2 protein chains.
Amino acid sequence: MASPKRDRLLNCARHLFETEGFHTTGIDRILEEAGVAKMTLYNNFGSKDMLIVAVLNRASDDMLQKLEGTVSHLNDPYEQILGIFDALAGWYSSEDFCGCMFQAAVAEFPDPESEPAMAARRHLMRLTELFLDMTRRAELNDAETLASMLAMIASGANCTARQIRTQTPALHARQIAEILLERACSRRLSPDNPIRPQATKLQTL
Amino acid sequence: MASPKRDRLLNCARHLFETEGFHTTGIDRILEEAGVAKMTLYNNFGSKDMLIVAVLNRASDDMLQKLEGTVSHLNDPYEQILGIFDALAGWYSSEDFCGCMFQAAVAEFPDPESEPAMAARRHLMRLTELFLDMTRRAELNDAETLASMLAMIASGANCTARQIRTQTPALHARQIAEILLERACSRRLSPDNPIRPQATKLQTL
DNA sequence: AGTAGAATAGACCAACTGGTCTGTTTATTT
DNA sequence: AAATAAACAGACCAGTTGGTCTATTCTACT
């Protein structure tokens, strides 16, 4: 399954798709960049669309693995949730940030039944599940709603960051998340006595 | 400036771009749908990209006009802000909703300097300004931060709605907005007891 | 050493891309 | 009625698209 040529293909394709879009980057560009013959592509993936799907799936795996990695260093699920948004901040301020590929995919393949669109949807579900796992462990009420809200906020941050290319959206998103968490927490207890005395140290990146 | 042919062209192009994407819909499709000669397009717009820009600008005008319309029926700026999210809910549940065109544009034109990308960015700014006007009139503190947060939440709702095609994202967004407003309000009422003062200090758009 | 499978280059394909040019017809204005 | 401008159909363009096919070379296992 995993050959070096296949890997090169996936990496180059991913980079080109990210920076120049799916439709605008032709197959030949990818082949040239990867230094690979055309038949290698078609033997491994079958079609351009399936290459795209493979790229999206791998990107999804990478991102979730990375997020779970950064999150695993934090013990409290509350901190873990906020950690996700810190990770976003780091991502946005990286030199070569050019937007979330899944949002691009969903935009470039408007047919919801198309394979790339479905791959993107799958990624969103995985991300929501990740949040759900954390909100559940944090024992907040309405964990489901809260999880999809957090996912939505993250999407909004992604979307805005693509436009303004600052880490600000991630900081804003983190603040909102903090407020939602605090609320979901205090609502669970007595309204006048929030359990989390918040003076969370703010990231200074 | 406004000829009937030009209008047909804009309308058909908009519909096709919305439903099938910018790159995938060829000029000939648009011309056929609009029943218009090729030279009419090039005389009026100069190029496909400029047609796209014209479509985006008109869509931006339409949307802002519509939003300002629905908002003008509400007297309280607080209600007006929430009214925006109600409008989103209505949009998402409409039969032919297929996602926000500006997000699609920004995804299909990754070069931030390209005309369509700039048009999309302009729209985001107008929307943020609309929010800012309302948060200012509501006399909430940190109106700027709040406005860009609201715009970001709206983006997130748009983005999520494109994926799951329900009005749920708008409802969630509205709830979040409500919470933020409530908070920005109570902070105003007790300025001597600011919640998380470092958090607000950081923000600069 | 021999052989099977992977990878190669590159010719080739029909379809389509955005865009130009021409010559004619239709409306509008004077 | 004449003149001006807009819109027309459609031929035409070079370049590109995703994809196929062939014939050859490389590489790894038995």
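Values below: every heavy atom of this structure, side chains too, minus hydrogens, waters and symmetry copies. Treat the numbers as computed from the prediction; the structure is a model and nothing was measured. Proteins come first, then strands; the chains are lettered A, B, ... in the order of their sequence lines, and each starts at number 1.
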Trainee: Atom CZ of A/Phe22 and atom P of D/dG18: how far apart are they, to the nearest Å?
Mentor: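 My rounded result for the distance is 13 Å.
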Trainee: Does A/Arg29 or A/Met39 map to a spot on DNA chain D nearer the 5' end, using the closest nucleotide for each?
Mentor: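 Residue closer to the 5' terminus by nearest nucleotide: A/Arg29.
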Trainee: From CG of A/Asp28 over to C1' of C/dT17, roughly how many Å is that when rounded to an integer?
Mentor: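 That distance rounds to 15 Å.
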Trainee: Using modelled atom types only, decide if a donor and an acceptor are shared between the side chain of A/His123 and the backbone of A/Leu56 within a distance under 3.5 Å.
Mentor: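 Checked: no pair found.
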Trainee: Determine the contact category for B/Gly46: base if any of its heavy atoms lies under 4.0 Å from a base atom, sugar-phosphate if only primed atoms, P, OP1 or OP2 are that close, otherwise nothing.
Mentor: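 B/Gly46: no heavy atom of the nucleic acid under 4.0 Å.
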Trainee: Whole-Å distance between D/dG18 P and A/Tyr42 OH?
Mentor: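 Interatomic distance, OH of A/Tyr42 to P of D/dG18: 7 Å.
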Trainee: Figure out the CG/P separation between A/Asn43 and D/dG18, and round it to whole Å.
Mentor: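 In whole Å, D/dG18 P lies 18 Å from A/Asn43 CG.
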Trainee: Please check if the side chain of B/Arg14 supplies one atom and the backbone of B/Val55 the other of a donor-acceptor pair under 3.5 Å.
Mentor: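 Pair absent, no side-chain N/O of B/Arg14 close to backbone of B/Val55.
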Trainee: Count the heavy atoms of every other residue, nucleotide or ligand shown that sit under 6.0 Å from NE2 of A/His23, and state whether that count exceeds 12.
Mentor: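 Yes.
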Trainee: State whether B/Lys5 places a side-chain N or O below 4.0 Å from either non-bridging phosphate oxygen (OP1 or OP2) of D/dA7.
Mentor: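 False: B/Lys5 side-chain N/O out of range (4.0 Å or more) of D/dA7 OP1/OP2.
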Trainee: Give the nucleotide from the list D/dG19, C/dA7, D/dC8 with an atom nearest to the side chain of B/Thr40.
Mentor: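 The closest nucleotide is D/dC8.
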Trainee: Could you check how far CG of B/Leu41 sits from C1' of D/dG10, rounded to whole Å?
Mentor: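 Interatomic distance, CG of B/Leu41 to C1' of D/dG10: 16 Å.
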Trainee: Name the closest nucleotide to the B/Ile27 side chain, picking from C/dT8, C/dG19, D/dC8.
Mentor: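 Selected nucleotide (nearest to the side chain): C/dG19.
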Trainee: Which of these passes side-chain hydrogen bond (donor to acceptor under 3.5 Å, both in side chains) with B/Tyr92: B/Thr160, B/Asn158, B/Thr166?
Mentor: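 Answer to the side-chain hydrogen bond (donor to acceptor under 3.5 Å, both in side chains) test with B/Tyr92 among B/Thr160, B/Asn158, B/Thr166: B/Asn158.
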Trainee: For B/His23 and C/dG18, give me the distance from atom NE2 to atom C1', rounded to whole Å.
Mentor: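 About 13 Å, once rounded to whole Å.
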Trainee: To the nearest angstrom, how far is B/Leu31 atom CG from D/dA9 atom P?
Mentor: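 To the nearest whole Å, that distance equals 10 Å.
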Trainee: What integer distance in Å separates A/Glu108:CD from D/dT17:P?
Mentor: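 Atom-to-atom, A/Glu108 to D/dT17, this comes out as 14 Å.
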Trainee: For a ring pair (Phe, Tyr, Trp, His ring centres under 6.0 Å) check, start with the C-alpha distance between B/His172 and B/Phe85, then their side-chain angles and the critical distance, and finish with the verdict.
Mentor: CA-CA 9 Å; B/His172 285 175; B/Phe85 293 96; over 10 Å; no
Trainee: OP1, OP2 of C/dG18 versus side-chain N and O of B/Ser47: anything below 4.0 Å?
Mentor: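 So the side chain of B/Ser47 is outside the cut-off, no N or O lying under 4.0 Å from OP1 or OP2 of C/dG18.
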Trainee: On the side chain of B/Lys38, is there an atom forming a donor-acceptor pair with the base of C/dG19 - under 3.5 Å, no angle test?
Mentor: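 For B/Lys38, whose side chain was compared with the base of C/dG19, there is a donor-acceptor pair (under 3.5 Å).
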